[in-house]
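Heads up: the structure comes next, in structure tokens.
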Amino acid sequence: MKRLIIVTGSSRGIGRSIALELNRIYDKESAFLLLARDLDSLESVKNQMVIDSEAKNQIHLVQIDFSAQYEMTDYFSILKNTFTSTQVEKFREVIAIYNHGTLEFGSVSLIAQENLRQKFETNLFSIWSFLSALNLFIPATLTPKQTHVNISSGYANEPVANWSGHCCARSARDMLFKCFALEQPGFKILNYEPGIVYTDMLKQACQFSTDYKEGYNNGKFTKPEDTARKLVEIIRANTFATGSKIKF
């Protein structure tokens, strides 16, 4: 396999659609690593990918809870246990999509009373650690052609009352990838804002916002497959400035 494609949070929603779309476009000689909590849903995604690619791609699944306090070395071990050194040496391209995350609601004081560290473990620290592990596992000296995409949010740049947990974590994620772009100028690094998408996370938002509920019921928002298709088009065109942010 000449290409490694990684998608975190790939069992449902945006992550699932991104995995399926990447598999549709890169339908041969690609090795996929899909990570999420729900193994049954991951298996469902894999089965569809096998059909779509006519079994020409390798698809590896890892069940993982990103809220657990894994160290960078733990993520490195996952990669090492999944791919042999011989496989790694054959990769000519890496595409990694960092999609997993949760949605947190509540005032600044209320969020602080809950398990704040666990929330940031899921939405920031796990991504930081996994990105670092991958960078050590497949450095630029081995595979210089790499694309790393953070699935961002419009609230990464906009303060919103009772959304402090989400705003702060997403803002930090954006900055992490901007810094990484400066450290790895040969890579293509992107913060992608997928729009307001029909996902379980959006259903959760509808419980706290009448604006979201109205838009949800009126079909005003984006389908997961549409934003996934747009992202893959951006990756393939490869014309974006590294470290930039693109909106759907």
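Model, not experiment: these values are computed from the prediction.
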Item to check | Test item: Phe83 and Ile138 side chains (from C-beta on) under 4.5 Å apart, heavy atoms | outcome: no
Next on the checklist: Contact between Ser132 and Tyr75 at the side-chain level, heavy atoms closer than 4.5 Å - yes or no?
Outcome noted: no
Next on the checklist: For a 4.5 angstrom cut-off between non-hydrogen side-chain atoms, does Leu231 reach Ile151?
Outcome noted: yes
Next on the checklist: Could you tell me if the side chain of Asn191 sits less than 4.5 Å from the side chain of Ser244, heavy atoms only?
Outcome noted: no
Checklist entry - Got more than 12 heavy atoms from elsewhere within 6.0 Å of CD, Glu71? => result no
Next on the checklist: Side chains of Gln146 and Gln184, heavy atoms from C-beta outward: is any pair under 4.5 Å?
Outcome noted: no
Next on the checklist: Looking at Lys230, I'd like to know if its NZ atom is crowded, meaning that more than 12 non-hydrogen atoms belonging to other residues, nucleotides or ligands lie closer than 6.0 Å.
Outcome noted: no
Next on the checklist: So, taking the atom named CZ in Phe32 and the one named CD1 in Ile95, what distance separates them when rounded to the nearest 0.5 Å?
Outcome noted: 8.0 Å
Checklist entry - Charged N to carboxylate O below 4.0 Å: is that the case for Lys46 and Glu43? => result no
Next on the checklist: For Gln69, I'd like to know if atom CD has over 12 heavy atoms of other residues, nucleotides or ligands within 6.0 Å.
Outcome noted: no
Next on the checklist: For the CG atom of Asp65 and the CD atom of Gln118, what is their distance to the nearest 0.5 Å?
Outcome noted: 7.5 Å
Checklist entry - So how far is it from Arg236 CZ to Thr147 OG1, rounded to the nearest 0.5 Å? => result 12.5 Å
Checklist entry - Got Leu176 and Asn150 here, is their nearest side-chain heavy-atom distance under 4.5 Å? => result no
Item to check | Heavy-atom side-chain contact between Trp163 and Leu103 under 4.5 Å | outcome: yes
Checklist entry - Is there side-chain contact between Ile78 and Tyr70, with at least one heavy-atom pair below 4.5 Å? => result no
Item to check | Separation of Glu193 CD from Asp174 CG (nearest 0.5 Å) | outcome: 8.5 Å
Item to check | Ion pair check, Arg12 and Asp38, cut-off under 4.0 Å | outcome: no
Checklist outcome for this item: NZ (Lys90) and OG (Ser85) are apart, to the nearest 0.5 Å, by 10.5 Å
Checklist entry - Can you tell me how far CG of Leu42 sits from CZ of Arg16, rounded to the nearest 0.5 angstrom? => result 10.5 Å
Checklist entry - What orientation do His100 and Phe66 show, parallel under 30°, tilted 30 to 60°, or perpendicular over 60°? => result parallel
